[in-house]
Number of protein chains: 4
Amino acid sequence: MAARRVPAATVAIDGQAAAGEGKAPRTERGRRTQQAILDAAAQEFGERGFHDASISGITRRAGVALGSFYTYFDSKDAVFRALVTHMSSQVRDHVAPGIRAAKDGIDGERAGLAGFLGFVRDHKEIYRIIDESEFVDPDSFRRHYATTAERIRQRLTAAAERGELRADVGEVHAWAIMGMNVFLGLRYGVWDADLPADDVAATAAAMLRRGLAVQPD
Amino acid sequence: MAARRVPAATVAIDGQAAAGEGKAPRTERGRRTQQAILDAAAQEFGERGFHDASISGITRRAGVALGSFYTYFDSKDAVFRALVTHMSSQVRDHVAPGIRAAKDGIDGERAGLAGFLGFVRDHKEIYRIIDESEFVDPDSFRRHYATTAERIRQRLTAAAERGELRADVGEVHAWAIMGMNVFLGLRYGVWDADLPADDVAATAAAMLRRGLAVQPD
Amino acid sequence: MAARRVPAATVAIDGQAAAGEGKAPRTERGRRTQQAILDAAAQEFGERGFHDASISGITRRAGVALGSFYTYFDSKDAVFRALVTHMSSQVRDHVAPGIRAAKDGIDGERAGLAGFLGFVRDHKEIYRIIDESEFVDPDSFRRHYATTAERIRQRLTAAAERGELRADVGEVHAWAIMGMNVFLGLRYGVWDADLPADDVAATAAAMLRRGLAVQPD
Amino acid sequence: MAARRVPAATVAIDGQAAAGEGKAPRTERGRRTQQAILDAAAQEFGERGFHDASISGITRRAGVALGSFYTYFDSKDAVFRALVTHMSSQVRDHVAPGIRAAKDGIDGERAGLAGFLGFVRDHKEIYRIIDESEFVDPDSFRRHYATTAERIRQRLTAAAERGELRADVGEVHAWAIMGMNVFLGLRYGVWDADLPADDVAATAAAMLRRGLAVQPD
DNA sequence: AATGAATGAGAGTTCATTCAT
DNA sequence: TATGAATGAACTCTCATTCAT
């Protein structure tokens, strides 16, 4: 069932992003409590889903009193939003290095998918939380995928400008690639890791390379 | 918010499929009431989501008394399951003709995507319901996507055997295509229909055709 | 678990007693339906207790439609009352012959207890129904025990007048004997038949005989 | 309708016995609330019976919010069980001193009955609650009477060993005495106190003394 | 800052009873 | 007479949130 604990860094409430979500703790002790609540929330939401999760479940896991929750977050929705926001950037931070190190555009997408698969295998709860945000916090959901698609599009366009890909690559391709990644992540990351992540990524990338290559047709 | 009404056929509880979900009515009058409840449930779940939906909301829409709900369904979960099952087959029934009429394998996938886009534009609530089943009724969710992917794989394999596609097409490609379809459906079907469905489908299909063609490399 | 079926005679709605409880059926067919409902009610109440029992459970057992229940009884309470009344007289009818055949007063009580023990072993549901009437239909409950106690008292008094028992036997002794019988019935009839009914009755009767004998002090 | 208030001690949730029934309050304020709920439950169950009693009725009497009930008890059944358990021991605690102070075995039983009669006259709701447990919580019911009978048997046996009673006293006699007590309690304690408790007890004890004496036959 | 008791709106579900056929 | 659909009041239980300490 993958790692139950989310590394503190994963959900760290850093300056700006936390604005409006978590309430800024004033003391060091407060900071630790808030962090404990966030980690516990990641577990609770991941295991039980948003609606079955309970504040008391979160505080129990965190080892703090029920009332303390409201010292750091305004509501159940607020923690969830904070979680989605930070997991969203976590995924990106995790795959970014691989993409940067790639030989060319398509290899970058391959690296991105490979990294994504590896990530969700270790963080199944994150996958579920982001998915569920479609129903709990549609704005975050939309922002997450809109941003992700836009980044893919930018990379595709840049590669096209470098002459690697056909000139007509655009938003449709970006969304297609993202959907591909998400569902391969579901199938080979969350459901059943019966194929090495690199093989899945290589297969998909090969299809894309031919499909988006500048040459044929 | 798209069509509010689900065509009766969509949620008709037909013989076997409904087994165990809805309780079979014994009179014609009962059949109509059950259908009314199902239609109302499709609306209610589509608009408010599973958890915010209420039985009383469903019966109010259906114009029947609260208690009548339980004459035909065992629980809130049970209607939801019945709905997912039947919508799942509805989607398939809707796109099947286009796929069968296609010139070749990839053209079939193009027709499938085009049909899917058109369908979700008219039935946004169906989209949401199937998606939410991931959290409400994981079994139905899994069955729906596993079945869909398997059909795509079979079509790809058949096309490969006809010499249209590369011999190595398989499950990974099927899941990639399905994910592509789902996310293009989300972006261009549910979110914003700012591109004709046929154009989106043509763009994606072109990429697939080159990517899966037998020739290059 | 003893006999599940109550012989028709057991709960037969005879003329007067039924007045006001069951509605008099006009046809022979109706009589059979009413009887079927009563038998089914005896089972249902016996197995599940008054509150967990349901009208639909009764009609299902009886093999008739839900609505038919109200053709023959006014309410759930009404069947229950009818049942208590008739079981009450059933018990009496069952033990009466033994009492009449007894050699003397105390032997009559012995025979009564022995008969009662045998009866509850075969009709555990009856035991439960009469007991539960304390909470469902206090009037029937009170009437049942008041009548039973009064009969015992009359028998004791008669025996005293015949010189068999002390002259001071009265209501207190009657209630004491009845309580004894009921609890011995619970312990050795319903709970665990680990002692022959006759032995239990003989032991209790021996105690009574000495306790109520005219001789010593 | 007898005393409305149950002395705090009666329903105090003490250490072990309460394990699993009430949830241990962590503060003094919580202890008071739990006690108030228990007292209110005793009233409510006593007056209306288990099924007609409602949680909201209990909390209304207790002067707390509906939700507070669930802070201290898991369910309606749970309070009922807690109540039965503690009332059961209350009755015992109440009659024990009289029994210990008795001159001999039979006098102990006389004192026990007299004490019991006095107790049920003041606590009619307790009588009803224990009786109703036969249908609501059969385990508690069984435990209560099995324990009570066993204690009587032990006292009888001890008296027999002291030469006061016949050697063959045993379980049957114990159950007979208990049934006697319960029904005399019902008749002269709950229904109608038309005879002094001591007279009833004396009459019953005289019968027992002769019935169980070592001498005759 | 931290605790945990208190609150009460709200939901799903049951089922005796009535009604239309 | 028989059927079974329809009704809706009533109930238990949950839990996010507030409050007092």
Side-chain angles (χ1 to χ4, degrees), chain A residues 23 25-34 51-59 64-79, chain B residues 23 25-34 51-59 63-77, chain C residues 25-27 29-30 32-34 51-59 64-79, chain D residues 23 25-34 51-59 63-78:
Chain A
K23 300 173 185 171
R26 242 180 290 271
T27 67
E28 168 58 17
R29 182 192 179 197
R31 229 212 74 263
R32 277 200 312 273
T33 302
Q34 187 176 41
H51 283 97
D52 286 345
S54 68
I55 307 294
S56 73
I58 292 172
T59 53
V64 300
L66 178 54
S68 297
F69 177 88
Y70 290 90
T71 306
Y72 296 106
F73 296 95
D74 279 331
S75 67
K76 191 181 181 183
D77 281 80
V79 229
Chain B
K23 302 171 187 169
R26 248 170 284 223
T27 67
E28 169 58 20
R29 184 190 179 198
R31 230 215 71 261
R32 279 199 309 274
T33 302
Q34 186 177 41
H51 284 98
D52 286 344
S54 68
I55 307 294
S56 71
I58 292 173
T59 53
V64 299
L66 179 53
S68 296
F69 176 89
Y70 292 93
T71 304
Y72 298 107
F73 296 95
D74 279 331
S75 65
K76 191 181 180 183
D77 280 82
Chain C
R26 243 179 288 271
T27 68
R29 182 193 180 197
R32 277 202 309 275
T33 303
Q34 186 178 39
H51 283 98
D52 286 345
S54 68
I55 306 295
S56 74
I58 292 172
T59 53
V64 300
L66 178 56
S68 297
F69 176 88
Y70 290 89
T71 304
Y72 297 106
F73 296 95
D74 279 330
S75 65
K76 191 182 181 182
D77 281 81
V79 229
Chain D
K23 302 172 187 169
R26 246 170 287 227
T27 67
E28 169 58 20
R29 185 191 178 196
R31 231 214 72 262
R32 278 198 310 273
T33 302
Q34 185 177 40
H51 284 98
D52 286 343
S54 69
I55 307 294
S56 70
I58 293 172
T59 53
V64 300
L66 177 56
S68 296
F69 176 89
Y70 292 92
T71 304
Y72 298 107
F73 297 95
D74 279 329
S75 66
K76 192 182 179 181
D77 280 81

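Residue numbering restarts at 1 for every chain, and letters A, B, ... go by the order of the sequence lines.
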5' priority, DNA chain F, between H51(A) and G30(C) [closest heavy atom]: G30(C)
Which nucleotide in dA6(F), dG8(E), dT17(F) has an atom nearest any side-chain atom of A65(D): dG8(E)
Stems where DNA chain F pairs, listed by first number, each of three or more Watson-Crick or G-U pairs under 3.5 Å: E:2-21 with F:2-21
Nearest-nucleotide comparison on DNA chain E, the residue closer to the 5′ end among G63(D) and K76(B): G63(D)
Pair I55(D)-F73(D), side-chain contact (heavy atoms from CB on, under 4.5 Å): steps then yes or no: CA-CA 11 Å; I55(D) 307 294; F73(D) 297 95; over 6 Å; no
Phosphate OP1/OP2 of dT7(F): any S68(B) side-chain N/O under 4.0 Å: yes
Sugar-phosphate only, base, or nothing, as touched by T27(B) at under 4.0 Å among non-hydrogen atoms: sugar-phosphate
Heavy-atom pair of closest approach, residues V64(C) and T33(C): CG1-CG2, 3.9 Å
Protein-nucleotide distance (F69(D), atom CZ; dG8(E), atom P), rounded to Å: 17 Å
Shorter than 3.5 Å, N or O on both sides, protein versus nucleotides 18-21 of chain E: list them out with atom names.
none

Separation between CZ of R31(D) and CD of E28(D), rounded to the nearest 0.5 Å: 5.0 Å
Whole-Å distance separating the CZ atom of F73(D) from the P atom of dA5(E): 13 Å
For atom CD1 of I58(B) and atom C1' of dA11(E), their distance in whole Å: 12 Å
Shortest non-hydrogen separation from K23(A) to T71(A) and the atoms involved: CD-O, 3.4 Å
Pairwise 5' ranking along DNA chain F for S56(A) and S54(D), keeping only the more 5' one: S54(D)
Closest heavy-atom pair and its distance - Y72(C), P25(C): CE2-CB, 3.8 Å
Euclidean distance, D52(D) CG relative to H51(C) NE2, rounded to 0.5 Å: 5.5 Å
Value in whole Å for how far the P atom of dT7(F) lies from CD1 of I55(B): 16 Å
Distance in angstrom units between R31(A) CZ and dA1(E) P, rounded: 15 Å
Residue closer to the 5' end of DNA chain E, T33(D) versus S75(C) (nearest nucleotide): T33(D)
Partner residues of T27(D) under the side-chain contact (heavy atoms from CB on, under 4.5 Å) criterion, sequence neighbours left out: R29(D)
Whole angstrom value for the distance that separates C1' of dA9(F) from CG of D52(D): 15 Å
Whole-Å gap separating P (dA6(E)) and CD (Q34(D)): 10 Å
Selected nucleotide, minimal atom distance to Y72(C) side chain, candidates dA6(E), dA16(F), dT1(F): dT1(F)
